[in-house]
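Below, chains carry the letters A, B, ... as their sequence lines are ordered, and counting in each starts from 1. Values in this document were obtained by computation on a predicted structure and should not be read as measured data.
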Number of protein chains: 2
Amino acid sequence: MDNSISRIQGAITRNSELFEEVSDLFKIFGDSSRLKILCALTQSDMCVSEISEFLSITQSAVSHQLRILKTSNLVKTRRVGKNIIYSLADQHIKTIIDCGMEHVSE
Amino acid sequence: MDNSISRIQGAITRNSELFEEVSDLFKIFGDSSRLKILCALTQSDMCVSEISEFLSITQSAVSHQLRILKTSNLVKTRRVGKNIIYSLADQHIKTIIDCGMEHVSE
DNA sequence: TGAATATATGAACAATTGCTCATATATGGA
DNA sequence: TCCATATATGAGCAATTGTTCATATATTCA
């Protein structure tokens, strides 16, 4: 077996947890509802009912997905009056989305 | 409703198919087996049995995943002797993986 | 405080997914 | 041509996922 290749194997095997983490991250972007939500938040912070209305997704479905996004630290919240405003946790999220967009429209 | 926000809504609604495509792309990166395979191929072209051995994944499982990767045009193949050598279809794939890796190790 | 409203949550269900096991296919080389 | 080997494929199954429906929770504001 080629030496450099066996080094790769080692790297991948040893970092098995890293691959879980990264694939879990991609998994979150791998649902169109979540992707749309994230993309919407890329342009403007929004409350749950706004997101729901804009994307024509049930309020419940949006809430469920937002919980996943929040648990994964991709979005954060703040209260304004009666509403909970969701926003992206950081700008790198947009980078990831753009990265995928670019690949699709090659 | 704010005008700029309604513009976003239009953009997302009209490009519903785009979001399906992009989320389908991320979905592929969203499985650790596939991610490992892609990552391995980032470093070196490999045949099926090599991938299988390196990642300690069944030959069958690898084959199944490779078919998905090939159908999605993420990998391409060439025959060398008895083996089918798999390689990345393009270098942008590495960019996407790196993008995810970076986010995880923030 | 009480009603109205916004958001969250839980159970249930259908659909999808990734694996295994068995086996088919196809190619190279003797 | 025939065998050995490499890869692909199909069925079946358990696990996971995303949605809906019903309802709980919580906060604002009159």
Task: Separation of D:dT5 P from B:Ile85 CD1 (nearest whole Å) - done: 18 Å

- [ ] Not counting sequence neighbours, which residues clear side chain to side chain contact (heavy atoms under 4.5 Å, CB included) with A:Ser16? List them please.
- [x] B:Lys36

TODO: Heavy atoms under 4.0 Å is the rule here; annotate nucleotides 14-30 of chain C 5' to 3' with B where the base is hit, S where only the sugar-phosphate is, and - elsewhere.
DONE: ----SSBBB----SS--

Open item on the list: Would the distance check show the side chain of B:Asp31 and the main-chain N or O of B:Arg34 forming a donor-acceptor pair, the cut-off being under 3.5 Å?
Closed with: yes

Task: Backbone N/O of A:Met101 and side chain of A:Ser105: donor-acceptor pair under 3.5 Å - done: yes

TODO: Please name all residues satisfying salt bridge (Lys or Arg N to Asp or Glu O under 4.0 Å) with A:Asp98, sequence neighbours left out, ordered by chain then number.
DONE: A:Lys94

Task: Nearest-angstrom distance from the residue atom CD of A:Glu50 to P of C:dA6 - done: 11 Å

TODO: Indicate whether the side chain of A:Ser49 and that of A:Glu53 have a donor and an acceptor atom separated by less than 3.5 Å.
DONE: no

Quiz: residues 75-89 of chain B side-chain donor-acceptor pairs under 3.5 angstrom, not counting sequence neighbours:
residue	atom	partner	partner atom	Å
B:Thr77	OG1	B:Lys70	NZ	2.9
B:Arg78	NH1	B:Asp45	OD2	3.0
B:Arg79	NH1	B:Gly81	O	3.2

Open item on the list: Can you give me the bend angle of the helix from C:dT1-D:dA30 to C:dA30-D:dT1? Use the axis through the first five pairs and the one through the last five, nearest 10 degrees.
Closed with: 30°

TODO: Whole angstrom is fine here: how far is it from CD in A:Glu53 over to P in C:dA6?
DONE: 11 Å

- [ ] Using distance alone, with no hydrogens and no angle criterion, decide if A:Glu20 and B:Ser32 have a side-chain donor and acceptor under 3.5 Å apart.
- [x] yes

Task: salt bridge (Lys or Arg N to Asp or Glu O under 4.0 Å) partners for B:Arg67, two or more places apart - done: none

- [ ] In whole angstrom, give the distance that lies between atom CG of A:Leu69 and atom P of D:dT17.
- [x] 14 Å

Task: A:Met46 CE - C:dA6 C1' separation (whole Å) - done: 17 Å

Open item on the list: Considering every strand and a 4.0 Å limit on heavy-atom distances, what is the contact class for B:Ser63: base, sugar-phosphate, or nothing?
Closed with: base

Task: Atom pair distance, as rounded to whole Å: CG in A:Asn83 and C1' in D:dA26 - done: 13 Å

Open item on the list: Using modelled atom types and a 3.5 Å cut-off, is there a donor and acceptor pairing between side-chain atoms of B:Ser44 and backbone atoms of B:Ala40?
Closed with: no

- [ ] Look at A:Tyr86 and C:dA8 and indicate whether a side-chain polar atom (N or O) is within less than 4.0 Å of OP1 or OP2.
- [x] yes

